[in-house]
There are 2 protein chains.
Amino acid sequence: MRDVAAAASVSVKTVSRVVHNYPFIRDEVRSRVQAEIRRLGFRPNGNAVGLRQTGRPAGSIGVLAADLADPFYAGMVSAIEQVSTARSFTTLVASSGEDAERERTLLATFVERRLDGLIVVSADRRHDHLRPDLDVGTHIVFADRPPQRLPVDCVLAAHADGARQAVEHLLGQGHRAIAFVGHSPAIHTARQRLRGFRAALTAAGLAPHTVRTDALDTEAAHRATAELLAAEDAPTALFADNPRLVGGMATAIAESAAPRTALVAFDDSELAGVLGVTVVAQDPRALGTQAADLLFSRLDGDHSRPRRIILPTTLVPRGSGEGRGVALRATRS
Amino acid sequence: MRDVAAAASVSVKTVSRVVHNYPFIRDEVRSRVQAEIRRLGFRPNGNAVGLRQTGRPAGSIGVLAADLADPFYAGMVSAIEQVSTARSFTTLVASSGEDAERERTLLATFVERRLDGLIVVSADRRHDHLRPDLDVGTHIVFADRPPQRLPVDCVLAAHADGARQAVEHLLGQGHRAIAFVGHSPAIHTARQRLRGFRAALTAAGLAPHTVRTDALDTEAAHRATAELLAAEDAPTALFADNPRLVGGMATAIAESAAPRTALVAFDDSELAGVLGVTVVAQDPRALGTQAADLLFSRLDGDHSRPRRIILPTTLVPRGSGEGRGVALRATRS
DNA sequence: CTGTTAGCGCGTTCAG
DNA sequence: CTGAACGCGCTAACAG
């Protein structure tokens with residue numbers, strides 16, 4: 001900026017005024033400065049601006065996702081970006097890869113860079129360390145997974161309720177031998193789904209046929225499903241804990257001796273649509289939109305008590321949960 | 001920091017030293033300062049640090065993706081993050097949503113925040129405006145799409161060559177009536193694929209059966225495919241320009257009177273794997289890794305001429321391109 | 001081992 | 001309409 005000022009024979013302050021479109025500047029001076037700005041390739045230093053302007057928002061929010069490669073979070077982030085862009089805010093995204101330590105590092109970076117607000121999908125089990133940051137004025141909203149002992153807003157889907165919905169749908173079709181295929185419930189949301197699954201069966205006076213929590217990926221799910229269906233006393237219906245298991249489970253069902261075994265999965269996906277797999281869908285974009293709206297209402301000065309928003313899930317029947325088996329289906333209209 | 005210094009009765013510089021683990025400090029003083037840091041919830045102000053330490057890297061790179069919701073870019077970003085994390089760098093991601101203006105805004109934000117380097121999947125047709133930023137010392141690597149008139153590194157997949165590979169595979173199976181289904185080639189990579197498609201047919205003394213560039217999404221592709229296959233003179237093989245069309249096209253083929261019509265798609269996807277669709281695969285993670293390696297070599301002081309790395313594509317036969325049609329297949333081992 | 005001085009690049013305040 | 005001086009929070013260089 002000094003250089004530009006010198007080159008245009010004005011003071012730094014005048015350059016600053018030109019950059020900020022301050023109106024009362026002679027056109028001749030303005031254009032001379034602008035020319036030098038272009039010629040020298042000057043860019044205002046965001047660090048210096050952020051340092052000088054304490055209090056005023058910097059115009060950027062941060063999103064910490066657990067896993068960017070997961071289409072669910074990708075959709076959520078995309079919705080957040082949309083809200084944020086509409087407000088002329090920049091959205092910076094980082095992902096922890098489900099690693100709590102990396103999450104803490106990244107959150108620290110966000111806070112240190114003094115972003116105006118954060119939306120967090122946390123892979124951590126504790127959040128006390130964020131308490132000081134709240135006081136510094138960083139607004140935080142938790143999405144998809146609740147905060148532990150931290151008074152902040154959060155937006156969640158009704159996981160337990162969604163699993164219950166799936167089981168009740170299968171019960172309504174007459175199924176009594178219903179198995180759960182998923183992974184070890186270390187993560188809060190997975191725990192909720194398993195809880196809802198069990199609760200719905202208990203309420204009907206039944207017990208789970210099987211609960212398999214060793215299906216970490218689609219191939220493990222394929223094996224688990226094949227084993228279940230090959231057994232003497234095979235289940236007549238399967239509940240897939242998450243959308244990453246659908247491919248393996250659907251294929252295993254199609255290859256088995258019981259290709260009409262019912263399948264309902266938690267969370268929608270392109271694959272489920274094409275294969276005609278019935279799902280209990282959350283709306284990732286709604287999750288993101290709500291979280292962003294909540295964050296911006298805080299940035300706008302809403303100081304009310306932390307809110308917790310629970311979004312309902314929707315059962316989408318496509319055939320696999322209604323006795324028509326798994327197969328290639330026409331695209332949804 | 002002033003507050004911490006006052007509370008611990010030391011100078012600010014001593015606090016700074018404690019924060020940075022400067023070794024020569026009395027343990028008693030160190031722990032006293034640390035206690036006050038915790039008590040007051042102090043966080044170093046990254047803006048101030050970045051402002052003072054010019055020259056030294058700030059430890060963060062930026063990634064501008066065209067569309068975060070696209071699994072291809074999600075995988076690429078994930079690979080970049082992995083390289084970056086291994087170097088103890090923070091990765092900040094933003095996405096332009098294929099909007100050139102938003103891309104420019106976001107890049108400006110990155111540059112202003114003085115990130116150490118950028119990896120860009122550009123939706124813009126011009127990049128001259130970045131030239132000044134290069135001089136400021138921001139290192140830029142283009143990924144997936146080449147820069148226009150900007151002397152920077154870039155990593156690309158062999159799009160034209162990949163399309164050629166697909167066509168030759170189909171020619172090898174005896175197909176002569178091969179149709180292209182895709183979208184309008186506004187984007188560089190799509191243009192390259194169409195070019196490779198035409199070139200391969202021309203080289204064999206053939207012309208495309210049809211070139212449809214109106215398939216913007218999976219449903220449009222479903223319609224286009226259905227129309228093609230219902231015609232008197234239907235093609236015997238289809239080339240899908242991108243992985244988002246696979247669901248619609250596979251379903252249309254399965255529903256048609258010619259369910260064994262061959263299908264080869266550009267880019268791999270989970271869906272293609274499960275449906276047994278033959279693809280010409282690029283490796284998004286390799287793209288990210290190479291781009292990140294290139295960027296970090298620049299940060300390490302490599303001043304050689306800009307490089308252009310072209311990554312080869314791989315033909316993955318799964319049945320749909322080899323006369324076995326489209327159907328549910330076992331998961332890949 | 002610790003404190004003092006100066007200044008990173010910019011915006012704010014107050015004078016011209 | 002424009003400029004000079006000051007300070008944001010922190011660290012490099014130099015003293016003690």
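Quick note on labels: first sequence line is chain A, next is B, and so on, each numbered from 1.
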Exercise for review: Inspect the contact between B:Glu101 and B:Arg125 and indicate whether a charged nitrogen and a carboxylate oxygen are less than 4.0 angstrom apart.
Suggested key: no

Exercise for review: Begin from the C-alpha positions of A:Arg32 and A:Glu36 and carry the test salt bridge (charged side-chain N to carboxylate O under 4.0 Å, His left out) through to its verdict.
Suggested key: CA-CA 6 Å; A:Arg32 180 151 46 94; A:Glu36 290 302 330; over 6 Å; no

Practice item. Mark yes or no for a side-chain to base donor-acceptor pair under 3.5 Å between A:Arg52 and C:dG9, with no hydrogen or angle criteria applied. Key: no

**Study point:** Presence of donor-acceptor pair under 3.5 Å, side chain of A:Arg17 and base of D:dG3
**Key:** yes

Exercise for review: Starting from P on D:dG9, measure out to CG on B:Leu40 and report it in whole angstrom.
Suggested key: 14 Å

Check your understanding: Between B:Gln53 and D:dC10, does any side-chain N or O lie under 4.0 Å from OP1 or OP2?
Key -> no

Point to revise | Rounded interatomic separation in angstrom, taking CZ from B:Arg2 and C1' from D:dC10 | key: 12 Å

Point to revise | 5'-most by nearest nucleotide on DNA chain D - A:Ile25 or B:Asn45 | key: A:Ile25

Check your understanding: Atom CZ of B:Arg113 and atom C1' of C:dG9: how far apart are they, to the nearest Å?
Key -> 15 Å

Point to revise | Whole-Å distance separating the CZ atom of A:Arg30 from the C1' atom of D:dT2 | key: 13 Å

Point to revise | Spacing between A:Phe42 atom CZ and C:dC10 atom C1', to the nearest angstrom | key: 8 Å

Check your understanding: According to a strict under-4.0 Å criterion, is B:Arg26 in side-chain N/O contact with OP1 or OP2 of C:dT2?
Key -> yes

**Study point:** Atom pair distance, as rounded to whole Å: CZ in B:Phe24 and C1' in C:dT2
**Key:** 13 Å

Exercise for review: Look at B:Thr14 and C:dC1 and indicate whether a side-chain polar atom (N or O) is within less than 4.0 Å of OP1 or OP2.
Suggested key: no

Check your understanding: Below 4.0 angstrom from OP1 or OP2 of D:dT11, is there any side-chain N or O of B:Ser16?
Key -> yes

Check your understanding: What is the nucleic acid contact for A:Val29, judged by heavy atoms within less than 4.0 Å: base, sugar-phosphate only, or nothing?
Key -> sugar-phosphate

Check your understanding: Toward the 5' end of DNA chain C, which comes first, A:Asn47 or B:Pro23, by nearest nucleotide?
Key -> B:Pro23

Point to revise | Distance in angstrom units between A:Leu51 CG and C:dC10 C1', rounded | key: 8 Å

Practice item. Report yes if at least one side-chain N or O of B:Ser11 is closer than 4.0 Å to OP1 or OP2 of C:dT4; otherwise report no. Key: no

Practice item. Using whole Å, report how far NZ of A:Lys13 lies from C1' of C:dC10. Key: 9 Å

Review point. Is there a side-chain contact between A:Leu92 and A:Ile61, using heavy atoms and a 4.5 Å cut-off?
Key: no

Check your understanding: Salt bridge check: are B:Arg114 and B:Asp133 linked by an N-O gap of less than 4.0 Å?
Key -> no

**Study point:** Parallel, tilted or perpendicular: rings of B:Tyr22 and B:Phe24 (30°, 60°)
**Key:** perpendicular

